[in-house]
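A note on names: the letters A, B, ... follow the listed sequences, proteins ahead of strands, and every chain is numbered from 1.
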Amino acid sequence: MDNKEISKAYEPKGVEDSVYKKWEESGFFNPDNLPGKREKPFTISMPPPNATGILHIGHAEFITIQDLVIRFQRLLGKKALWLPGTDHAAIATQTKVEKILKDKEGRSRHDLGREEFLKRVKDYVKNSQHVIRGQLKKMGSSCDWSRERYTLDDGLTLAVNTAFVQMYNDGLIYRGTRIVNWCPNCASTLADDEVEYLEQKGKFYYIKYGPFVIATTRPETKLGDTGAAVNPGDKRYQSYIGQELEVNLGKVKIHIKVIADESVDPNFGTGVVGVTPAHSLIDFDMASKNNLPVIQVIGPDGKMTNNAGPYAGLPVAECRKLFVNDLEKAGLISKIEEVDNNLSICYRCEHVIEPLISKQWFINVNKPSKKLGGKTIKEKALEVVKDGEIEIIPERFVKTYYHWLENLRDWCISRQLWFGHRIPVWYRKPRTENKELGTESSKFKVQSSKLKTIGFHESVVPQVLAGKTKTYRLKDHKFKVGDVLAFENSQTTEIFGQGEINKIVETTVGQIPLDDPAHGATYKKVEDLIKALKFHYPNREVTKDTQVFVYSYKFTPVQNSKTEEIYVGLTPPKGEGWQQDPDTLDTWFSSGLWTFSTLGWPKMTKDLKTFHPTSLMETGYDILFFWVARMIIMSTYFMSEVPFRQVYLHGMVRDEKGRKMSKSLDNAIDPLDMIAKYGADATRLSLVIGNTPGNDLNISEARIAGYRNFVNKLWNISRYILMKAGPAKLVEKQPLPKTLADRWILAELNTLIDFTSVNLEKYNFSVVGEKIYEFTWSKLADWYVEVSKSEAQGSGPTPSTMLRVPRAKSRGRAQGNSENILLYVLQSLLKLWHPFTPFVTEVIWAKLNPSAMLMVQAWPKAKGKVDKKAIKDFELIQNIITAIRNLRAESKLPPAKRLKVFIVSAKNAGLIKTEVDAIKHLARLEDVVVAVKGKKPDKSLSAVISGAEIYLPVSGMIDVGQEVKRLSLEAKRVEDFIIHLEKKLENKQFLERAPKEIIEVEREKLIINKENLEKINQQLKTLK
RNA sequence: GGGCAACUAGCUCAGUUGGUUAGAGCGCCUCGUUUACACCGAGGAGGUCAUAGGUUCGACUCCUAUGUUGCCCACCA
């Protein structure tokens, strides 16, 4: 390679694409093709970007970190797999395509119909994926494209359906009627954590409400009230409890029942709450307990329903205006306050969420599963982190993870979207001629009418269905062992099964074992049990001594077949009249399977055996709950193993002032622009150095430009070395050092290699990046390269020893050795840098060794013990040179002016004498005189300048304070410290070096004790 | 309301289990046409480590309060 062709400045633009192409064509992204014996796998599942297209700087961040890790592991010799893919991102994608459709064609998805619309989405996604792939490549991603997956492709769809069916058969997936978060704009349900809150000033309306005044921020929902609730202890309203009232709300009259409920805070508002069961979770619970009817006044379209009387058909906001107006006219508004209010909004489209009552599919997070050895999925997901099977970095997120899981409610997985995995459930309306069903149903009905009935609160029914075989009752039902009972949902009066009494125990509340799994719900404290009982018996006193009946039973559920048949399976059922559920599954249901579905599950493939559990999950802390927790749930359930060993959570990327990047602020940094301007390597460095796990990273263009400068520096160092070393060659073995500088740079390199190897394993990218940066610029470029120049110069009229170790003289030839060292150091350095800056390092490597790629070289190893003496000696020379430069600048001596310097040193005279030539050259001196102790003209520690003569004392610069500190560092107890200090005091050299004041103190304390130590410290302070 | 984090140089941030003179990048000031690099080199200025107590021979680091900021969770009708 003709090194004259190397350009003065590194130009990434031209070379990056061709380098990537070379990598790709090598096939080494695929672990199966990697050279050498590679036994240990290392796997990263790429968090699949949404298939909506453009990658932003946040993606660039995760790409950089993951690529860094995987390249490092590949260099270490692992079977490194980084599996890429995309997520269909149901809501996000559907919303996006709908928007495009509306903007471009003015049509809605309903205008197109399901099939045509999905075709449009498919085309859109295909294009996006293409764009994403291109962007990933621009960043240098060394992921295995041959294994790329998409959450909606056939394999993953099979995985999703299989998962659903298995969970359903295990009783973990059920269909239920609940209050759900409904986004009228997306026309779909949302999971609890997909709801965001917006702090707002809102109005708090006080409305005359029959005999009460109630306060509300949402007056329009009052049209759906079926109750008014007060605290049972609130004396003001005692007499009303239980009454049924008609309430005049202007144009509308509603009928309510006054109930008592603990959850009502007598001190908030007026102490009376209008109960709106259809549109509030809490109200729904209260209504269930008190058998209040449920009236839905807001529809899924965000408009008032027919139940809203004269307001039917109005959007919620308009209804509110009109309704408040009407109330005012009727004199029913007593006052309006301004309050801070949290508005629930959709995390995708930011429209207001309406809590609605609706029939949806849920995953039961509290049901023990045989697959999990009787544990619930929640417990299992907690356990694997508690037991350390999964490590979360940084650790503080462990706590948030626990908190989230512990409070997790059943997960609503059905979405009313078109785009996504269709729920693998089919329904068939019963036909009268379906005799078998008819008889089944009627047989049960007849039977149940004759049977004794036992009621279960709706919230308990799922537990019974889930295998609860015990119930605690305050009431004596007068059952006998052997009685066959009809099990009734006491809210809906629906019969959901039958059972037989096995055993009856009469006891007291205090005697009940708290953790009886047969009961379904278990308790930590008696108080919790009492609380639970009070919930079911709101009007009874409950204490430890209250009498209680424990009924054990055998239970058989009955499918509610009078409405429809349900079929759950991988393929459509045979027979006529089956209709598939129109809904689709929550995106996170499929992405929860990501680590194993992408490797072939439900088939037990070779890949699945080799690469699962994956090694590292690297993702943003913002999706710890959405995604990470769900992957843990899904993997522990389906695979019976963790999805990954470690989780590394990175922070968000923000602008230079720490603000979120957004279109409106116009502060977004587009990684592709930055790559075009400064190169991918510089962009990568800016995302990794200065970035610590879990913390947000502020980034600016100036920062990226700074790293571009660095990449250029590395380029030019290499250019210099290649030019100096003549024909490029590999120097694989560490050359023998011949000069002090050689020993020093090798010692520094070996230290760096160790540091890098250790800290990259611990994902301390930033600190490693800084260290290699420092080595490259401040050590290699600023010192070693400069020294090597003077060595080259030494071929002039006065051959120079240039930092040559004395011993080397006798060995003869020292000239030219620095070239081998330079090549060796550069080659090792390129390997260290490669995970960070793959492009430029690969380009330089190609000039050294065109036949092999840097990407698959072996990670460097430190050779032998680090030569600490070399580091210390070299630093002394450095300090002398720096001190001279400093003095020259301070005394405004022009650089051209040659100086005479007397270096005064007692201890290091020998060393300094040997290196005089180097000092002369690097500090641009006329003459250096090394003086021994005694000739020193001034005993002060500062140098003396007289004319062009500098007296620079070097010995005696050691601070005794350091020694003391070092000692106490080594000692763990005070006693040890004292012993160490005493030993040190016996050392004459120490005493010689110590300033007089300190020695006085130390002499004085013939017996060293705590007080004396304090004195020493004080002495040290005053000395400073 | 509960929790988590941050507060260090003009700006953005490091600082690993307490221990040399608290570091880096950018910015700033002075000087420099040394053939690897001006995307550079040499030197420099700049910090009561948010505040107040405490533990310790010794605290940026540990403990307790307080203040400010950010985030997460819950949510009162």
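- For the pair A/Asn695 CG and B/G70 C1', the interatomic distance rounds to 11 Å; values are reported in whole Å.
- In this structure A/Phe212 satisfies the ring pair (Phe, Tyr, Trp, His ring centres under 6.0 Å) test together with A/Tyr237, A/Tyr240, sequence neighbours excluded.
- Taking the C1' atoms as reference points, B/G27 lies 13 Å from B/A45, given to the whole Å.
- Comparing the C1' positions of B/A36 and B/G41 gives a spacing of 12 Å, expressed to the nearest Å.
- Residues A/Ile345 and A/Tyr197 have side chains not in contact (no heavy-atom distance under 4.5 Å, counting atoms from C-beta outward).
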Let's go through A/Tyr347 and A/Phe626 carefully: what are the C-alpha distance in whole Å and the side-chain angles of both, what is the deciding distance for ring pair (Phe, Tyr, Trp, His ring centres under 6.0 Å) to 0.1 Å, and is it a yes or a no? CA-CA 12 Å; A/Tyr347 82 128; A/Phe626 283 131; 5.5 Å; yes
Contact list (N/O, under 3.5 angstrom) for nucleotides 37-40 of chain B vs protein:
unit_1 : atom_1 : unit_2   : atom_2 : d
B/C37  : O4'    : A/Asn716 : OD1    : 2.9
B/C37  : O4'    : A/Asn716 : ND2    : 3.3
B/C37  : O2'    : A/Asn712 : ND2    : 3.3
B/C37  : O2     : A/Lys713 : NZ     : 2.9
B/C37  : N3     : A/Lys713 : NZ     : 2.9
B/C39  : O4'    : A/Asn709 : OD1    : 2.9
B/C39  : O2'    : A/Asn712 : ND2    : 3.0
B/C39  : O2     : A/Arg708 : NE     : 3.2
B/C40  : O3'    : A/Lys713 : NZ     : 3.1

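- Counting to the nearest Å, the C1' atom of B/A36 and the CG atom of A/Leu822 are 11 Å from each other.
- Between A/His650 atom NE2 and B/C71 atom P the separation is 17 Å, expressed in whole Å.
- Residues passing the side chain to side chain contact (heavy atoms under 4.5 Å, CB included) test with A/Asp285: none are found, sequence neighbours excluded.
- One atom, NZ of A/Lys399, and another, C1' of B/G2, lie 11 Å apart when rounded to the nearest Å.
- When rounded to the nearest whole Å, the span between CG of A/Asn879 and C1' of B/U20 equals 13 Å.
- Rounded to an integer number of Å, the gap from A/Arg659 CZ to B/U12 C1' is 14 Å.
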Below 3.5 Å between N/O atoms, which protein atoms pair up with nucleotides 8-10 of chain B? Just atom names and distances, please.
none

Contact letters for nucleotides 72-77 of chain B, in which S counts primed atoms plus P, OP1 and OP2 and B counts the base, heavy atoms under 4.0 Å: SSBBBB
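- The separation between A/Glu395 atom CD and B/U17 atom C1' is 14 Å, rounded to whole Å.
- Of the possible polar contacts, one joining the A/Thr683 side chain to the A/Gly679 backbone as a donor-acceptor pair under 3.5 Å is found.
- At a non-hydrogen distance threshold of 4.0 Å, A/Gly690, A/Thr692 from residues 677-693 of chain A come into contact with RNA chain B.
- To the nearest angstrom, P of B/G2 lies 21 Å from CZ of A/Arg396.
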From CA spacing to verdict: ring pair (Phe, Tyr, Trp, His ring centres under 6.0 Å), A/Tyr773, A/Phe775: CA-CA 5 Å; A/Tyr773 183 104; A/Phe775 175 87; over 10 Å; no
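- Not one side-chain nitrogen or oxygen of A/Arg703 sits closer than 4.0 Å to the OP1 or OP2 atom of B/C26.
- Here A/Leu382 pairs with A/Tyr402, A/Leu405, A/Glu406 under the side chain to side chain contact (heavy atoms under 4.5 Å, CB included) rule; sequence neighbours left out.
- Between A/Arg684 and A/Glu61, none of the side-chain N atoms (NZ, or NE/NH1/NH2) sits under 4.0 Å from a carboxylate O, so this pair counts as no salt bridge.
- Scored by the side chain to side chain contact (heavy atoms under 4.5 Å, CB included) test, A/Ala702 finds A/Ser700 as partners (sequence neighbours excluded).
- Salt bridge A/Arg703/A/Glu701: absent, no basic N to carboxylate O contact under 4.0 Å.
- Separation of atoms CZ (A/Phe625) and NE2 (A/His403) is listed at 9.0 Å; rounding is to 0.5 Å.
- Within a heavy-atom distance below 4.0 Å of RNA chain B, no residue of residues 758-767 of chain A is found.
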Which dot-bracket string describes RNA chain B (Watson-Crick N1-N3 plus N6-O4 or O6-N4, or G-U N1-O2 and O6-N3, all under 3.5 Å; [ ] crossing; | other strand)? (((((((..((((.....[...)))).(((((.......))))).....(((((..]....))))))))))))....
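- Rounded to a whole angstrom, the distance from the C1' atom of B/A6 to that of B/A74 is 23 Å.
- Residues meeting the side chain to side chain contact (heavy atoms under 4.5 Å, CB included) test with A/Glu761, sequence neighbours left out: A/Phe72, A/Gln73, A/Leu76.
- A salt bridge links A/Lys335 to A/Glu337: one of the charged nitrogens lies within less than 4.0 Å of a carboxylate oxygen.
- Nucleotides B/A9 and B/G25 are separated by 12 Å at their C1' atoms, to the nearest Å.
- Using a 30° and 60° split on the angle between ring planes, A/Phe765 and A/Tyr763 fall in the tilted class, from 30° to 60°.
- A salt bridge links A/Lys789 with A/Glu786: the closest approach of a Lys/Arg side-chain nitrogen to an acidic carboxylate oxygen falls below 4.0 angstrom.
- Each of A/Tyr773 and A/Ile699 was matched to the nucleotide of RNA chain B holding its nearest heavy atom; the match closer to the 5' end belongs to A/Ile699.
- Between A/Asn698 and B/C11, a side-chain N or O to OP1/OP2 separation shorter than 4.0 Å is absent.
- Between B/G54 and B/U8, the two P atoms lie 24 Å apart (nearest whole Å).
- On the P atoms, B/C60 is 24 Å away from B/G67, given to the nearest whole Å.
- Checking side-chain atoms of A/Asp261 against main-chain N and O of A/Ala229 turns up no donor-acceptor pair under 3.5 Å.
- Taking atom P in both B/U61 and B/U51, one finds a spacing of 11 Å when rounded to whole Å.
- For A/Arg409, the salt bridge (Lys or Arg N to Asp or Glu O under 4.0 Å) partners at least two apart in sequence or on another chain are A/Asp192.
- A donor-acceptor pair under 3.5 Å is absent between the side-chain atoms of A/Asp234 and the main chain of A/Val230, judged by distance alone.
- The aromatic rings of A/Trp777 and A/Phe710 sit tilted relative to each other, their planes meeting at an angle between 30° and 60°.
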Test A/Glu220 against A/Arg218 for salt bridge (Lys or Arg N to Asp or Glu O under 4.0 Å), laying out the working first. CA-CA 6 Å; A/Glu220 70 281 1; A/Arg218 302 206 52 197; 3.1 Å; yes
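- If you take atom P in B/A22 and the same atom in B/U56, they sit 25 Å apart, rounded to whole Å.
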